[in-house]
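Before any comments, here is the structure.
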Amino acid sequence: MLLKRTTWRTGFILLIGMMCLVNWHKAIAQEHEQRSGISNSWLVMQAVPGVSWTCFPPQTHFSLEWEATPVLYSWGMTKLDPPLHFFFVSQPERFAGSVEFNISTQFYTSPVGASHWGFSGQLLAHLPLVEHGEYVGLNLGVARYNIAGMSSNYIVGGFSTLFGFLHYNIKYSPADEIWMHSIEFRFF
Amino acid sequence: MNHKNHFLRFILFSLIIFHCSLIITGCSSFFTRFITNSFKNLPSAPDTVATKIAHPIFRNVGLSVLWVGHATCLIQIGDKIFLTDPIFTKTAGMISKRRIEPGILPSSIDKLDYILISHIHFDHLSYGSLSMLPKSAVILMPIGSAEYMPEFGFSDYREMNPWTTFEADGVRITAVPVKHFNGRYGFDGSWLNYNTYTGYIIEYKGKTVFFAGDTGYDPEKFKEIGRKFAIDVALIPIAPIEPHDFMKRVHADPEEALQIFTDVHAKIMIPIHHRTFVQGLDSSLTFAQDQLKRLVTERKIEDRVLSLKVGEQRVLVP
């Protein structure tokens, strides 16, 4: 019961934090009129979850995953587009060649230990393969997951397709022998 | 068993969430059209262009236009070469199948000075096509497009606000307002933030060409263009038409295209943006072309409206 209340409180604080962030970013975006910026619509799109299938031998867990990109460095765009992006990332800025730090939270439909929740940070490079990455791109990186109080490091590899919206990544923790398959929907 | 059940749930949830996200982003109808229209066309080969001009660039010419297909036109004024919204690929954005070959091979364009991008939709900003073109060109595009333009190695890239002019080496290219809609991937930054579409006026050596890109009809905008420029040739889109109530907000039909031609006071009109891809719910690839032909005959303006075949080049001023 206490855990449930704490989770809701954490969620509420996170939501308020995100709203503040949106308004702060909007104020910055107004100063740079021509650049895309975070908006309430952006916030709605961030609510679309990815899905993951995590294999903790001998058990498997299904989860929903919400991602945000605090910072992305893009090297595949023209000089007109600044290389650093914070939270708001257009698809080509990611798939045409970039490295990003993203954070995510996962909700496991069946409990892992005593909790349904997991948190992670990822350092992920996107390398364009076909049509500057718009059709197919390669994802490579590392991740750290904290699930039910247990932290593990992962190697990440996968690909993106469908204009950078659809990502399939495999994550493997050599130390804990945990496999994770995830389908992620990236909007911004 | 546990693994199998979870894997099935994983696949099922993925599909549900994927489809929900398509609905949220407005891509659902697009996706359905992809399944129904484009999928059935995938095995079919595009119509061939009987004779492709191998050397479309003149040493020097007053004014010539070659219709490559869709909104792609190779324009030459004097010694300068302009290419509009180049698309040479087999599909527009992986989804819409090309129904007729490009009128020329991209390799036959051995000199190129300017590429004009009217907006960032797949059939107008084609990454695969830009990769095929000479990198000596300068790319001009509407404001806000830079977020959607990967680096291809072209000599320069410029974003243009409406009514701003790019000038170099005697060439003046002015971005002019048109009426269309934003976005490249459905619900994206362009959709959310600003108007990333434009038309262009090209002026060089006393000749003026209006490239309307992709536009609906807006009398105020086009009359203003007509007041400001003495246009020799107007490249105006005529399709898609159906469903008419939906399309007319963002696409001119042949009747409206002729009205644009009248409003901008151009001497010659060349219809574009038809015949090349399956567009909207038009009943055939020549649906718009046939309507235009009938209207032009009724109004007896056959000498002023030049319906080029894909791959046809016309020297308008020797």
Side-chain angles (χ1 to χ4, degrees), chain A residues 29 33-39 41-42 44-45 47-55 57-64 74-82 85 88-93 95-97 109-110 128 130-135 161-166 168 181-183 185 187-188, chain B residues 2-18 20-25 27 31 89 91 93-95 120 122 125-131 139 141 143-154 156-159 161 184-194 196:
Chain A
E33 201 183 332
Q34 303 306 342
R35 292 281 306 153
S36 297
I38 296 176
S39 62
S41 312
W42 172 89
V44 170
M45 297 314 298
V48 177
V51 284
S52 291
W53 183 55
T54 308
C55 181
Q59 280 191 309
T60 54
H61 295 271
F62 177 78
S63 70
L64 298 176
S74 168
W75 65 78
M77 306 298 283
T78 69
K79 64 177 184 186
L80 298 179
D81 194 44
H85 306 277
F88 193 104
V89 182
S90 78
Q91 300 291 5
E93 287 162 350
F95 64 59
T109 54
S110 53
V130 181
E131 296 269 330
H132 283 254
E134 191 175 45
Y135 287 11
T161 186
L162 204 64
F163 321 115
F165 282 108
L166 186 63
Y168 173 68
H181 301 264
S182 61
I183 291 178
F185 306 100
F187 302 95
F188 307 116
Chain B
N2 190 17
H3 279 57
K4 192 179 169 187
N5 282 343
H6 276 81
F7 186 69
L8 289 174
R9 275 165 71 186
F10 173 67
I11 297 295
L12 182 67
F13 268 74
S14 305
L15 288 172
I16 291 168
I17 288 174
F18 178 58
C20 286
S21 60
L22 286 173
I23 291 167
I24 290 169
T25 56
C27 293
F31 192 63
T89 47
T91 62
M94 217 194 290
I95 286 167
I120 60 174
F122 291 120
L125 171 57
S126 163
Y127 295 167
S129 305
L130 288 176
S131 302
I139 291 194
M141 53 192 165
I143 193 80
S145 305
E147 288 174 33
Y148 299 87
M149 180 64 79
E151 176 60 78
F152 291 91
F154 286 98
D156 201 2
Y157 302 82
R158 298 290 180 98
E159 282 188 319
N161 263 313
R184 179 171 174 84
Y185 305 109
F187 202 83
D188 54 22
S190 158
W191 183 274
L192 294 173
N193 288 285
Y194 35 63
T196 47

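Proteins come first, then strands; the chains are lettered A, B, ... in the order of their sequence lines, and each starts at number 1.
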*Is it the backbone or the side chain of P49(A) that comes under 4.5 Å from a heavy atom of chain B, or both, or neither?*
both
*Check each atom of S74(A) against the heavy atoms of chain B and say whether the ones under 4.5 Å are side chain, backbone, both or neither.*
neither
Between atom [atom1] of [X] and atom [atom2] of [Y], what is the distance when rounded to the nearest 0.5 Å?
{"X": "E151(B)", "Y": "K79(A)", "atom1": "CD", "atom2": "NZ", "result": "9.0 Å"}
{"X": "E134(A)", "Y": "Y185(B)", "atom1": "CD", "atom2": "OH", "result": "3.5 Å"}
{"X": "F163(A)", "Y": "R184(B)", "atom1": "CZ", "atom2": "CZ", "result": "8.0 Å"}
{"X": "R158(B)", "Y": "T78(A)", "atom1": "CZ", "atom2": "OG1", "result": "12.0 Å"}
{"X": "L130(B)", "Y": "H132(A)", "atom1": "CG", "atom2": "NE2", "result": "8.0 Å"}

*Of the non-hydrogen atoms in Y148(B) and M77(A), which two are nearest, and what is the gap between them?*
N-CE, 3.9 Å
_I need the minimum non-hydrogen distance between A146(B) and L80(A), along with the two atoms involved._
CB-CB, 3.7 Å
*Count the heavy-atom pairs under 4.5 Å between each of P128(A), A96(A), G76(A) and chain B, then report the option with the highest count.*
G76(A)
